[in-house]
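Shown next, in structure tokens, is the structure this report addresses.
First the proteins, then the strands, lettered A, B, ... as listed; each starts at 1.
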There are 2 protein chains.
Amino acid sequence: MTKKYRTPDGYTADIAVFTIVTEESKPFTPPDMSLNLLLIERAKWNAEGELNTEGGKWALPGGFVGVHENALQAAVRELKEETGIDCVHMKHFGIYDEPGRDNRGWIISNAHYAIISEDDLREMNANDDASAVKLVNIHDVLQLELAFDHRQIICDALSVIKKELLQTTAAKNLLQDEFTYSELQAVLSTVTKDPAILNEQAFARKIKSLPFIEKVEGKTTQRTSKKATQLYRFNEVEVVKPIYTGRYQER
Amino acid sequence: MTKKYRTPDGYTADIAVFTIVTEESKPFTPPDMSLNLLLIERAKWNAEGELNTEGGKWALPGGFVGVHENALQAAVRELKEETGIDCVHMKHFGIYDEPGRDNRGWIISNAHYAIISEDDLREMNANDDASAVKLVNIHDVLQLELAFDHRQIICDALSVIKKELLQTTAAKNLLQDEFTYSELQAVLSTVTKDPAILNEQAFARKIKSLPFIEKVEGKTTQRTSKKATQLYRFNEVEVVKPIYTGRYQER
DNA sequence: GAATTAATTAACAACTTGATAATTGTTAAT
DNA sequence: ATTAACAATTATCAAGTTGTTAATTAATTC
């Protein structure tokens, strides 16, 4: 190809990995969850013993996209390489292409978020050097010293994940296939103050009429209560809730 | 910079421009609107008289991003250059980076959507060669022969714009600053079948309690009715509607 | 002046939901 | 065996939402 324009010096994929951490799991008790973001600490020195670009700061996992793959594939690959996590739900959410954002050149970053369950997370801890990887509660993450423009990327990721969890059925990726109303409620509680969701009786009542959730007939668990509790699962129905309907008045 | 990787051959910005077309505007009548997408016809031959890549097909406006700008700026610039439109509401919505999507090389397309009002559209028609530019009703657009992977991009754009109009206050960009309930309803009707929005009495009642819309005190118009009609405007309030609340049962 | 039309208001029924309370099933302590 | 504890579940009420139907209002047209 004849290049009429100056072309980019690189194309990277970054990944904001979100996961749920169950804070305390006493038997027969509904879970108390927090939403966490996975970060890696950039090495202070590179292989040649020189100071590394943005070394010592915390950053999102990621790396360069190859010519043979798209950014989504690269993101999945990099996450596996850097943390051992096999991700199911990974999605593009933004592009970071401000001139000068990376002092190494004209580098375009394609940002993704991934949602993984606690279960899948355990593989990670076994697989990798834990010292350079940590989970940070989403309420604390902006206090850290972050590399490049990752503060901005993380801000955007937080706002995207909050919307995604409330406006789509993405919560299914943070739960087991079959779950109780209180487990789903615990996930949603990490990102909303909506009283219709926080109110236990109201939510237990509501879950039965949601078109995208179905009762697992005759199946119960004692994970969250001494009394056997009904299990539910997501089905394939997708819905869009307009802001022009519903209630807005507090009582 | 030392290049360890092969780098992209180009970075382009494409723009899906959406606008409302009022189908018939009898006086004293609520509008009948359709949502349209702006497409350009690619020239059959290039400057050297050779057959152009994907020439003769319909495509989204767009072009290469320069090293001194980000893709959003490039998108605004290209849209102005190609159609004369000065756009207010332009946003990134997707990346198209499949290897082989453009036979000219490794070219990454950053896709944007723009929402412009009928008023702003008039400038365009005055400004440019109308033969190569046309507005297509969103229900017809997928019938056309489209260049590159623009069919996919347009599909995604349609689904994004539908969500955006219902789940955010983006409709304000398709209306005048002050509007009647029936004008807002006409905009929303182009993208939803929700009875709570299509029902006139219900919607006229509802608009008064929406936290992100306020009455323009004492101001009316006769655009849509012989009887003077109340005007409303959007304020700055932003809301997120969870799918876990509200009604799902049809009557 | 009557007909027409869109906006507005009213009224009702069915549904939603926050609040409060009662009931149920199981475990653990007495 | 009895009781306390506790989450799940069900019940009830009040207030808000919304589809439906109908009446009222204001301006224009004939």
Heavy-atom protein contacts under 4.0 Å, nucleotides 22-30 of chain C, coded B base, S sugar-phosphate only, - none: --BBBS---
5' priority, DNA chain C, between B/G246 and B/Y232 [closest heavy atom]: B/Y232
side-chain contact (heavy atoms from CB on, under 4.5 Å) against A/V160, all qualifying residues, sequence neighbours excluded: A/F93, A/Y113
Interatomic distance where NZ belongs to A/K206 and C1' belongs to C/dT17 [whole Å]: 8 Å
Residues in salt bridge (Lys or Arg N to Asp or Glu O under 4.0 Å) contact with A/K219, at least two apart in sequence or another chain: A/E178
Strand contacts (DNA chain C) in residues 207-215 of chain B, 4.0 angstrom heavy-atom criterion: B/K208
Atom-pair distance (CG on A/N199; C1' on C/dT16), nearest Å: 12 Å
Residues in contact with DNA chain C, drawn from residues 175-186 of chain B - heavy-atom cutoff 4.0 Å: B/Y181, B/S182
Value in whole Å for how far the P atom of C/dT8 lies from CZ of B/F203: 13 Å
With B/Q222 via side-chain contact (heavy atoms from CB on, under 4.5 Å) - residues at least two apart: B/F28
Qualifying residues under salt bridge (Lys or Arg N to Asp or Glu O under 4.0 Å), relative to A/R205, sequence neighbours excluded: none
Nucleotide C/dG18, atom C1' - distance to CG of A/D194 in whole Å: 12 Å
Salt-bridge criterion met for B/R77 and B/E81 (N-O under 4.0 Å): yes
Sugar-phosphate only, base, or nothing, as touched by A/A202 at under 4.0 Å among non-hydrogen atoms: sugar-phosphate
side-chain contact (heavy atoms from CB on, under 4.5 Å) partners for B/T19, two or more places apart: B/N36, B/I116, B/L121, B/L135
Given A/I197, A/V191, A/L198, the one that forms side-chain contact (heavy atoms from CB on, under 4.5 Å) with A/D194: A/I197
Gap between atoms OH and C1', on A/Y244 and D/dT17 respectively (whole Å): 18 Å
Pairing of B/E41 and B/K134 as salt bridge, 4.0 angstrom limit: no
Touch class at under 4.0 angstrom, heavy-atom based, for B/P30 against every strand present: sugar-phosphate
Rounded interatomic separation in angstrom, taking CD from A/Q230 and P from D/dA7: 19 Å
Secondary-structure string, 5' to 3', Watson-Crick or G-U under 3.5 Å, | for another-strand partners, for DNA chain C: ||||||||||||||||||||||||||||||
Nearest-angstrom distance from the residue atom CZ of B/R247 to P of D/dG19: 6 Å
Salt bridge (Lys or Arg N to Asp or Glu O under 4.0 Å) partners of B/E164, counting only residues at least two apart: B/K91
A/R205 CZ to D/dT12 P, straight-line distance once rounded to whole Å: 13 Å
Side-chain N,O (B/T224) to OP1/OP2 (C/dA7) below 4.0 Å: yes
side-chain contact (heavy atoms from CB on, under 4.5 Å) involving B/L72 - partner list, sequence neighbours excluded: B/N70, B/M90, B/H112
Salt bridge (Lys or Arg N to Asp or Glu O under 4.0 Å) involving A/E23 - partner list, sequence neighbours excluded: none
